[in-house]
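Just so you know, ligand 1 is whichever comes first in the structure, and atom 1 is the first atom listed for that ligand.
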Amino acid sequence: MSTASPVSRKPLRLGVLISGRGSNMIAIANSIREGRLPGVEIAVVISNTGSACGLAVCQELGLPTAVLVSKGRPRAEHDADVVACLRRHNVDLVVLAGYMRLLSPEFIAAYPNRIVNIHPSLLPSFPGLEAQQQAFDYGVKIAGCTVHFVDEHLDHGPIILQRAIPVQETDDAHSLATRILTEEHIAYTEALARVASGDYEIRGRRYVRRDTPAAP
Ligand code: GAR
């Protein structure tokens, strides 16, 4: 009788970049701890400011952190330090979680289709800052969030998934942002599970699961 040996895949090591509160980072850490992201681990959390609240939570969660202050430094120089730190921690996938900085072309080239971002709108609507306020002010009836690969343009690369919610008559920009954030936490885990599976390809701008037939 022959027994197949179990396939042991290397864990996917995340480098999570934050600038502030870090609630998406915490949601990902919780998903890992609670077994919703098998084969995924956080190698390092990097903040571009020492005052990011998320850093304190990392300590509680026992996650390795690095603070690489960006203020006052040329983008390319700071990004080179971030990439070096990611490499030191053997990071496979860079996860932007409220990282409020544009990445240099050199950073993006260092991790082609290996950087993901979450944005609190249904892209391509409302890229940039304060997306929830932009959506609310515009008067949209459906809002949501997007997880996408990062390319050289702002909030622009191939979309992995989106989650939508109705805007209610009683909403203000704050309540809308709060409800979108709840969706973000679900969306990021789901998107990372998809990326970790490796079972996808990127056709042009489109993220497609491997079992999806190509258009005739
Ligand atoms: C989140 O709403 C995230 O989508 C947004 O910043 C917030 C960070 O919250 N990111 C962007 O707007 C990027 N364009 P968090 O620090 O609690 O995860």
Between [Y] and [X], is the closest basic N to carboxylate O distance under 4.0 Å?
X    : Y    : result
R206 : E201 : no
D81  : R73  : yes
R179 : E183 : no
E77  : R75  : no

Could you go through ligand 1 and note, for every N or O atom, any protein N or O atom closer than 3.5 angstrom, writing the atom names and distance to 0.1 Å, or 'none'?
residue	atom	partner	partner atom	Å
ligand 1	2 (O)	E184	OE1	3.2
ligand 1	2 (O)	E184	OE2	2.9
ligand 1	4 (O)	E184	OE1	2.7
ligand 1	4 (O)	E184	OE2	3.4
ligand 1	9 (O)	R21	NH2	3.0
ligand 1	14 (N)	H119	ND1	3.0
ligand 1	16 (O)	G22	N	2.8
ligand 1	17 (O)	R21	NE	2.6
ligand 1	17 (O)	R21	NH2	3.2
ligand 1	17 (O)	S23	N	2.8
ligand 1	17 (O)	S23	OG	2.6
ligand 1	18 (O)	S23	N	3.4
ligand 1	18 (O)	N24	N	3.0
ligand 1	18 (O)	N24	ND2	2.9

Exercise for review: Test S47 against T49 for side-chain hydrogen bond (donor to acceptor under 3.5 Å, both in side chains), laying out the working first.
Suggested key: CA-CA 5 Å; S47 171; T49 157; 5.2 Å; no
Practice item. Return yes when atom CD of E152 has more than 12 non-hydrogen atoms of other residues, nucleotides or ligands closer than 6.0 Å, and no otherwise. Key: yes
